[in-house]
Amino acid sequence: MRNSKFIVVKLRELIKTIVFAVLGVIILIGLITFFLRMGNDTQAGMYRDGTYEAVLDLGKTGATLEVEIQDGRIATMEMTEADESVAVFYPMAKTALAEIRAQVVQRQSTADMDISAQHTYTAKALLAAVENCLEQAKR
């Protein structure tokens, strides 16, 4: 009888060891999967795909700035005017947007922008709207 008790005790130890080994393997696979997926998110870009809008407050009139994100990267920016008065009262807005668009798309950021002196105030308003859109698009 003692032999059978001894075998049962060893069987319990064996079952415990197998259970802990299986749990260890599952945790290890989970960690590997987590870290592999984490690397894919950084390669995809830091923004979610879509079109994001921000309103530009230009005195009595306004305009909407749209930033389009494709594959996690800034693809383009467009300004849609509410009415023609924006083009009349803010003629530098289109040229400032073209200047900003080129730099933001190239750098994928609004940090350290080189803005010409003739577009200073308009560019600051546009950059604030772009940053608002990018804040909405962050992962």
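Positions are given from 1 along the sequence. Every value quoted in this text rests on a predicted model; they were computed, and no experiment measured them.
- Of the inter-residue distances, the one linking N132 atom CG with L127 atom CG reads 12.5 Å to the nearest 0.5 angstrom.
- Linking Ile, Leu, Val, Met, Phe, Trp and Tyr whenever their side-chain heavy atoms come within less than 4.5 Å leaves L126 and V55 in two separate clusters.
- Neither Y121 nor L65 shares a network with the other; the hydrophobic side chains, linked directly or stepwise wherever heavy atoms of I, L, V, M, F, W or Y lie under 4.5 Å apart, form separate groups for each.
- Remark: L14 CG to R12 CZ distance equals 13.0 Å, nearest 0.5 Å.
- Nearest approach of E131 to T110, heavy atoms of both residues: OE2-OG1, 3.0 Å.
- Taking each heavy atom of D49 and G72 in turn, the nearest pair found is OD1-N, 2.7 Å.
- Side chain of Q103 to backbone of D114: a donor-acceptor contact under 3.5 angstrom is found.
- Counting heavy atoms from C-beta outward, V105 and T76 have side chains that stay 4.5 Å or more apart.
- Scored by the salt bridge (charged side-chain N to carboxylate O under 4.0 Å, His left out) test, K124 finds no partners at all (sequence neighbours excluded).
- Of all heavy-atom pairs spanning A54 and A129, the tightest one is CB-O, 3.5 Å.
- Under the 4.5 Å side-chain heavy-atom criterion for Ile, Leu, Val, Met, Phe, Trp and Tyr, V25 and F20 are members of distinct hydrophobic clusters.
- The distance from the CD1 atom of I26 to the CG atom of L31 is 12.5 Å, given to the nearest 0.5 Å.
- Judged as a salt bridge (charged side-chain N to carboxylate O under 4.0 Å, His left out), and not counting sequence neighbours, the contacts of E135 are K138.
- When all heavy atoms of M79 and K94 are compared, the closest pair comes out as O-NZ, 3.7 Å.
- Between the side chain of R48 and the backbone N or O of I69, no donor-acceptor pair lies under 3.5 Å.
- Among all heavy-atom pairs drawn from A137 and Y52, the shortest one is CB-CE1, 3.4 Å.
- We find the CD-CD distance between E78 and E68 to be 9.0 Å, quoted to the nearest 0.5 Å.
- Atom CG of L23 and atom CG of L28 lie 12.5 Å apart (nearest 0.5 Å).
- Taking both residues in full, the closest heavy atoms of Q136 and E53 are given as NE2-O, 3.2 Å, listed atom of the first, atom of the second, then distance.
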Does the pair T122 and T95 meet the rule for a side-chain contact (heavy atoms from CB on, under 4.5 Å), with working shown? CA-CA 10 Å; T122 307; T95 56; over 6 Å; no
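- Between atom CG of residue L134 and atom CD1 of residue I74 there is a gap of 4.5 Å, rounded to the nearest 0.5 Å.
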Could you walk me through whether M113 and V104 satisfy the side-chain contact (heavy atoms from CB on, under 4.5 Å) test, starting with their C-alpha distance in whole Å, then the side-chain angles of each, then the deciding distance to 0.1 Å, before giving a yes or no? CA-CA 8 Å; M113 298 290 293; V104 169; 3.7 Å; yes
